[in-house]
Structure formats: structure tokens, C-alpha cells
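Convention: sequence-line order gives letters A, B, ...; per-chain numbering from 1. Just so it is clear, the model here is predicted, and its values are computed rather than measured.
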There are 2 protein chains.
Amino acid sequence: MSTRWLTDEERVAWVRLAAVVELLPGVLDAQLRRDSRLSHFEYFVLAMLSEAPERTLRMTALAARTNATLPRLSHVVSRLEDRGLVARSPCPEDGRATNARLTAGGWATVVDAAPGHVATVRSQVLDALDDAQVRQLAQIAESILGRIDPDGVVMAPQRDAGAPTG
Amino acid sequence: MSTRWLTDEERVAWVRLAAVVELLPGVLDAQLRRDSRLSHFEYFVLAMLSEAPERTLRMTALAARTNATLPRLSHVVSRLEDRGLVARSPCPEDGRATNARLTAGGWATVVDAAPGHVATVRSQVLDALDDAQVRQLAQIAESILGRIDPDGVVMAPQRDAGAPTG
DNA sequence: CCCCATTGGTTGAAGCTTCAAGCGAACCCT
DNA sequence: AGGGTTCGCTTGAAGCTTCAACCAATGGGG
């Protein structure tokens, strides 16, 4: 089958999107590490817990929300546990499962980190766009997610109030 | 200073963009690993070399184009060298510098990998958008890059023909 | 019940990235 | 020349992710 190459317009759009995808994680990570001693992934884990009922989630559910493999999450939660930000306990309803719960210290850490993170998202992304572009971006990203995440695994239901996810 | 939180529209746009940024690298990586035994980063290194004059670039220039740190690039090039895809040689003009050159085998590898990669980009991203959205995306991504990459380090000049970068 | 497959999670090793040092070449100033 | 600084790159160790193996608990037939 012969390859259908990209048109000029497609190529420009793709090269730029690829650059954003390549650079943005580093920007977010750097700010959080600098200001809060947290990797972006660690922050995200804490943020997801902060939004969950009881600030508690089963490992599997937390892995789905953070798009992590179970081994990766297990290691990270172990380190967060060592730092006193998260506590593990066996799940009462299912003996196989483990619940991860945000501790008071973990909550304080997220609350402390959130404003700086949101400020970064604002200054590095949203403030670069006008209102129309923000709406366009929402549409475009939704379309792409329809392809790369058809089951909406990462866009899982977010109930309850809590610290902003960023 | 009090935090300016996100409006509903901003939050939707950001959550979706964040999801794309989180998922897209894995999608690209998985296809290349599966079909070409190459990580996305390795592919990108080979692609950048394939587009350079003489298919050769100094390590520093290659690091800039791939947004890699020098240590990271050095390790990766060592492994690509072990696989016979890239060759290192001292730079004649500057005794401190090292040139990385794509070998015949490396060229063949990129040429072989490119169609599948482009097909993935198409099916997972571009085909999800209409023409207007492609143009909007180019604009939006450019605006964001203006913040996160003001000096255009990653968008370095691309001269010469070669295998598509993806 | 008992067997067996599946689910939920942890663990340790291997691989890649990051970080801190280090080294030689080039540049600059006198 | 000659001494100090910067540049370009490599190296080895440490840290995080991935992978394969493993274990315990659950659930579904005979």
C-alpha cells in the first residue's frame, strides 16, 4: 500500500503539535519540581486522590485515571507513602484490592502546589490563546482523543470537589 | 497573590489538551516499537539525521533538534551505533565536536519505518480533524510554542530533503 | 467442595533518562 | 607563549519506568 504523505498544511500543524507534545511535559514538570518537590506525575496522582470520595481510590482506578501501569503506580505510591503523603490499606470489599488514601500531609501538599501549577498552565498555554482558540482547542483535542482514547479511559468521571487537577 | 482559577471553558480545553499530551507519545511509541523496533525518540534521531546535509549533524545540533540533553543523546547514539544505524566521527573543523552520521543501514531503517509512522499520525490525529481544524491547530500550537519555546530551539531550520520526520 | 482461570497488586531486575563529574580542545587575554 | 575560562562531549551512578514473574484472593464450573 502506497503511503499518503502529508500536505504542507498538515505537516505544519503536525510538526507544531509534535513540538508542543514534546516540550509541554518538561515545562510542567520543571515548575512543580522547582516549587513543590513533586514530579508532574506525582502531583497528578495526589490531585486525582484529592478529587475522589474520601480522598481514596483503589490502585487500579487510580492507575486508569493517571494513565499509569500498575507496577509504575505501585512504585510511585510506595515513594509517596515513604514521604507521608499517601497511605495504603487493604480494601474491605475485596481482599485482593488495595486502597490508596491521601493523608492530611498529602492534601496540604496538593493545596500548596496547585496555585503555582495553575499559574503555569495559564501563562504557558491558555494566556497564549484568545477565547475562540480556547474553544477550538477543546474541539480539536476532543476529536483527537476520540482516536487515541476511544474508551475515554483517561477522561474518567471526576466527581466531588477537591484541588484542581491542572 | 491570589490564584486566578480556570473558567469552565478553559478547564475543558486544558484537561483535553493534557490528555492528548499524556497519551499521544505512547501511541506513537507503541506503533514504532511494534513495527520497527525503534522508540519514538530513536526514530526521531534517525529522521533528523536523514534530513541533514550529508545525513550528518554535530551532537549538539542533533540534541537541539531532538530536544534532548547531551548525555541522553550520547547514550542513545551509542546504542544506535552498536546497532549499526549511526556512525560517530570527530569533527574536522572543531576537535572538541563529534559528528553523528546516518549509515546506509540507518537510512534503510528510517525509510522502512516512515510510512507506518505517517499512517499512524494520519489515522490517530490528522484524519480526526477537518481542514479548518488543521489550520486552527497550526495557529494554536504556534501560539503555545511562542510561550514554551520562545527561541524556537525545537523548530530549528529543516533544510534538505530526506525521510519524513513524522 | 475443589479445581482452575482470572483479577488485583507487589516485587526485583533490566533498560532508559538524569545528574554530577570529568576531560580534552578551543578561545581569550596579556 | 601561557594561564584561565568556556565549550563539546562522554562517563558512571542514581532514579524512574517497564517487564516478567509471582502471590493471594476471587469467581466459575463440575
Quiz item: Taking the side chain from Glu81(A) and the backbone from Arg88(A), do they hold a donor-acceptor pair closer than 3.5 Å?
Solution: yes

Practice problem: Compare side-chain N and O positions of Arg79(A) against OP1 and OP2 of dG15(D) and report whether any pair is under 4.0 Å apart. | Solution: no

Self-check item: Heavy-atom donor-acceptor pair, His75(B) side-chain to dG12(D) base, under 3.5 Å
Solution: yes

Quiz item: Does Arg72(B) have a side-chain nitrogen or oxygen under 4.0 Å from the phosphate oxygens OP1 or OP2 of dT17(C)?
Solution: yes

Practice problem: Can you tell me the distance, in whole Å, between the CD atom of Glu42(A) and the C1' atom of dG15(D)? | Solution: 11 Å

Quiz item: Is a donor on one side and an acceptor on the other found under 3.5 Å between the side chain of Arg122(A) and the backbone of Trp5(B)?
Solution: yes

Self-check item: Integer-rounded Å distance: dT18(C) P and Leu73(B) CG
Solution: 12 Å

Quiz item: Given that Ser74(A) and Phe41(B) both sit by DNA chain C, which one's nearest nucleotide is further toward the 5' end?
Solution: Ser74(A)

Quiz item: Taking Asp29(B) for the side chain and His40(B) for the main chain, is one N or O donor matched with an acceptor at less than 3.5 Å?
Solution: yes

Self-check item: Position toward the 5' end of DNA chain D (nearest nucleotide), Ser78(B) or Arg96(A)
Solution: Ser78(B)

Quiz item: dT18(C), dG8(C), dA26(C): which one has an atom nearest the side-chain heavy atoms of Asp94(B)?
Solution: dA26(C)

Give the table of side-chain donor-acceptor pairs shorter than 3.5 Å for residues 138-148 of chain A, with sequence neighbours excluded, one pair per line with atom names and distance.
unit_1    : atom_1 : unit_2    : atom_2 : d
Ser143(A) : OG     : Gln139(A) : O      : 3.1
Arg147(A) : NH1    : Ser123(B) : O      : 2.8
Arg147(A) : NH2    : Asp127(B) : O      : 3.1

Practice problem: Let me know, please, whether Leu70(B) or Val76(A) comes out on the 5' side of the other along DNA chain D by nearest nucleotide. | Solution: Leu70(B)

Quiz item: Starting at CG of Asn67(A) and ending at P of dT18(D), how long is that distance when rounded to a whole Å?
Solution: 9 Å

Practice problem: Send over the distance from Glu22(B) CD to dT17(D) P, rounded to a whole Å. | Solution: 11 Å

Quiz item: Which whole-number value in Å describes the distance from His40(A) NE2 to dC16(D) C1'?
Solution: 16 Å

Exercise. Return the nearest nucleotide to the side chain of Met59(B); candidates are dC19(D), dT10(D), dG8(D).
Key: dT10(D)

Quiz item: So what does Arg33(A) hit on the nucleic acid, given a heavy-atom distance under 4.0 Å: a base, only sugar-phosphate, or nothing?
Solution: nothing

